[in-house]
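Presented below is the structure to which this report refers.
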Amino acid sequence: LSPPPPPPKEETKETAEAEVIDYRAPYVQGAKNAGYLAGSVLAMGCAAPNPAFSSMFTTFALSNVIGVQVVLGVTHALHSPLMAVTNAISGTTALGGMHLLAHANSPSVWALGAAATTLSTVNIVGGFIVTTKMLDMFKRPTDPPEYYHLYGIPAAGALALYGAGSMSGKFPEIDAAAATLSGLLCIGGIGGLSSQSTARLGAASGQAGVAFGIASTLGHLHPTWGQTLSMAGLMAAGGAAGNYIGNRVEPTSLPQTVAAFHSLVGIAASSAAIGDYMNVQNATELDSVHLASIYLATVIGSVTTTGSLVAFGKLDGRLDSAPMQHPARDQINMGLGAATLGAGAVVMGGPELGTGLGCLGGALTTSGILGWHMTASIGGADMPVVITVLNSYSGWALCAEGFMLDMPLLTTVGALIGCSGAALTKIMCDAMNRDILSVILGGYGTKSSGKGEAMKFEGEATTTNVENVVNLMAESQSIIIVPGYGLAVAKGQYPLKDMVDSLLAAGKKVRFGIHPVAGRMPGQLNVLLAEAGVPYDIVEELEEINDDFDETDLVLVIGANDTVNSAAEDDPNSEIAGMPVLRVWNSKQVIVMKRSLAAGYAGVDNPVFLKDNTDMLLGDAKETCEKLAAGVKEI
């Protein structure tokens, strides 16, 4: 007899611990934030020195709320035009220059006013020309005719009516009404970018808003004919320069152009602030609000100027895009920050003009060096965030100027621009899973980056040729194209458009997938594709298209790297861990078109290049797209 079989082993089931979700935590945090907000507002009421400050603070607070809501409604595809239109509107720093020109008591003050007025006008004209050029790129041949020029009739009529009312001297509050209308139109200028159908109306609204701002300032100042002609001449010179620059800008040059325009706003804000301080009869009699406004406009303007110039150099290839990693970087920043605050403390003490001017000049210098050093310490991968931060800075400088001159219009427009830049900064940081402080203080790495060593990916990338890729496209029914900055550099959007037209004509389903930080500024790739005539209804954002890669036959990655890097999801110790990426590797076949196998701006190896369903097509993006376009014409 055989022995009885052994009793069956009891299977032990490993039960994974259920994730505990603290539903109470967000409510607790929300309640804390509400308490902080309420306490801060009431504290400002306790510290308010006079009713004028309280009124201006109310304008500032409400403008911030409106600004956030308006900006968050702007579609991602129009983030580049948003940057351009806010850049143009920030040129209202010209109003501060006009104040100095009308009240200058010395040649030096007049010169500072002239600089602020002229440079601001460069921004206004150049910014609106760039905005119009970008929006025109999104036009399609099938779009109905537009007659936005008809809005010029009520705008001109309102300006004429205001001019007559102001010159009559019978309506003392008409200047304030014109300034309010200017603010409303500027808000509409940004709100119009919520969709393609209203974007060009928004641009027209912004232009009218700035025009009313200038007109209301002239009405408020009542300058002499000589002063008026002087202002007109300076603005004409600035406008001519802005027209020249704006008409020469190409889509690939948009980021550095925006950075350069930001520097002009910074110079104008600092010039107006220092000029206002020099123009007072007795500096010791200035109240704390006026002194603080002068100091903040000077410092923020200086940081904006030097930071923007460094950003321009990096984006234009004149400076190395790698971060400047000085071993004492943090100590230098803290020292410069302390020196700037120390100088501000002396200014706030209301010293004699000579002492105050010396300290203001010291704060201008140290804050300028700080802006230069902090931006130089930031790598090229973070340039989209840097551009939006600088955009926000220009708005806050404008706000300070509004408090300084007691001009609600500047406070409203400044808060609008400041919130615009802040909202875009948050969008960019979320898209890279970055913390804003880590960006500003330099150094790469996401909020999710672990402390261990990053994974080493082994394997060898396989290369392919144009003929094989053409055959793949012929066999595929669903194709997604993921462009990156490499496409912009190579200027390959036009042959790419030809290739897409042939594929669509052959009955293929072709779409584009755009990452929020693709390119060197928000929305740059959308503008680039629009310039070539790619229909914007086949250009989709990461959230819209990321779940569709599983059902896609072929993905063409053109000049993108970090935005399609699977290490962001697979390696918790990667420098880009947690960064939302386009999951191109889930498709049946991936073709990566690059100049070389080098890592992206973040310096992180991309394991997608080594996967079995990925082939590399090396070479210049424009030349490769031309060959592919020629090949698919035969499909």
Side-chain angles (χ1 to χ4, degrees), residues 67 71 79-93 119-120 122-123 126-127 130 190 249 253-270 296-316 318-319 321 323-324 333 364 367-401 413-429 432 434 436-442 517 519-524:
V71 171
H79 278 172
S80 278
L82 171 64
M83 295 284 288
V85 78
T86 54
N87 215 314
I89 294 173
S90 67
T92 47
T93 44
L119 294 177
S120 298
V122 174
N123 232 39
V130 170
I190 294 177
V249 175
S253 303
L254 284 175
Q256 51 264 50
T257 304
V258 168
F261 278 155
H262 282 151
S263 70
L264 301 182
V265 174
I267 295 172
S270 294
L296 288 173
T298 301
V299 169
I300 299 173
S302 181
V303 170
T304 304
T305 299
T306 55
S308 298
L309 290 174
V310 173
F312 169 79
K314 286 181 177 254
L315 292 166
D316 204 45
R318 305 186 187 200
L319 296 175
S321 65
M324 183 180 69
N333 289 338
L364 178 79
S367 59
I369 297 172
L370 181 62
W372 167 80
H373 183 254
M374 291 179 71
T375 310
S377 300
I378 298 173
D382 286 325
M383 278 301 114
V385 179
V386 173
I387 292 292
T388 57
V389 168
L390 292 170
N391 181 254
S392 185
Y393 284 172
S394 66
W396 305 131
L398 202 55
C399 271
E401 207 172 327
V413 173
L416 192 66
I417 296 168
C419 286
S420 168
L424 285 178
T425 299
K426 186 180 186 306
I427 291 171
M428 294 299 102
C429 284
M432 295 192 294
R434 300 293 309 281
I436 181 60
L437 286 179
S438 72
V439 174
I440 294 176
L441 298 177
V517 294
R520 293 296 173 264
M521 70 179 289
Q524 185 186 8

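Quick note: residue numbers are just sequence positions, from 1.
Checking Asn123 against Asn87 by side-chain atom types alone, a donor-acceptor pair falls below 3.5 Å. Remark: the Thr388 side chain and the Thr425 side chain contain an N/O donor-acceptor pair separated by less than 3.5 Å.
Between the side chain of Ser420 and the backbone N or O of Leu416, no donor-acceptor pair lies under 3.5 Å. In this structure, the side chain of Ser80 engages the main chain of Pro522 through a donor-acceptor pair within 3.5 Å. Side chain of Ser392 to backbone of Gly421: no donor-acceptor contact under 3.5 angstrom is found. Remark: side-chain polar atoms of Lys314 are paired, donor with acceptor, to backbone N or O of Ile378 under 3.5 angstrom. Checking side-chain atoms of Thr306 against main-chain N and O of Gly368 turns up a donor-acceptor pair under 3.5 Å. Side-chain atoms of Ser253 never come within 3.5 Å of backbone atoms of Val249 as a donor-acceptor pair (strictly under, hydrogens ignored). At least one donor-acceptor pair under 3.5 Å links the side chain of Thr305 to the backbone N or O of Gly301. Judged by distance alone, the side chain of Ser263 and the main-chain N or O of Ala260 form a donor-acceptor pair under 3.5 Å.
Shown here for Leu398 and Ile417, the closest heavy-atom pair between the two residues is CD2-CD1, 4.1 Å. In terms of heavy-atom proximity, Gly307 sits nearest to Thr375 at CA-OG1, 3.2 Å. Taking both residues in full, the closest heavy atoms of Ser120 and Ala268 are given as OG-CB, 3.3 Å, listed atom of the first, atom of the second, then distance. Residues Ser394 and Ser90 approach most closely at OG-CB, 4.3 Å, considering heavy atoms. Between Ala397 and Ala269, the shortest heavy-atom distance links the atoms CB-CB, 3.9 Å. Across all non-hydrogen atoms, the minimal contact from Leu390 to Ala311 is CD1-CB, 4.1 Å.
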Between Ser302 and Trp372, does a side chain to side chain contact (heavy atoms under 4.5 Å, CB included) hold up when you go through it step by step?
CA-CA 10 Å; Ser302 181; Trp372 167 80; over 6 Å; no
Working note: Met324 + His373, criterion side chain to side chain contact (heavy atoms under 4.5 Å, CB included); need CA distance, chi angles, decisive distance, verdict.
CA-CA 8 Å; Met324 183 180 69; His373 183 254; 3.2 Å; yes
Under the side chain to side chain contact (heavy atoms under 4.5 Å, CB included) rule, what do His262 and Phe312 come out as? Steps first, then yes or no, please.
CA-CA 10 Å; His262 282 151; Phe312 169 79; over 6 Å; no
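Atoms CH2 and CG, from Trp396 and Asn391 in turn, are 10.5 Å apart once rounded to the nearest 0.5 Å. Here Leu315 contributes atom CG and Leu254 contributes atom CG; the two are 11.0 Å apart, rounded to the nearest 0.5 Å. The CG atom of Leu309 sits 8.5 Å away from atom CG of Leu264, with the distance rounded to the nearest 0.5 Å. Distance CD1/Ile300 to OG/Ser270: 9.5 Å, rounded to 0.5 Å. Taken to the nearest 0.5 Å, the CD atom of Glu401 stands 12.5 Å off from the CG atom of Leu296.
Looking only at side-chain heavy atoms (C-beta outward), Val299 and Leu364 stay at 4.5 Å or farther from each other. Side chains of Met374 and Val303 form no contact here, defined as non-hydrogen atoms less than 4.5 Å apart.
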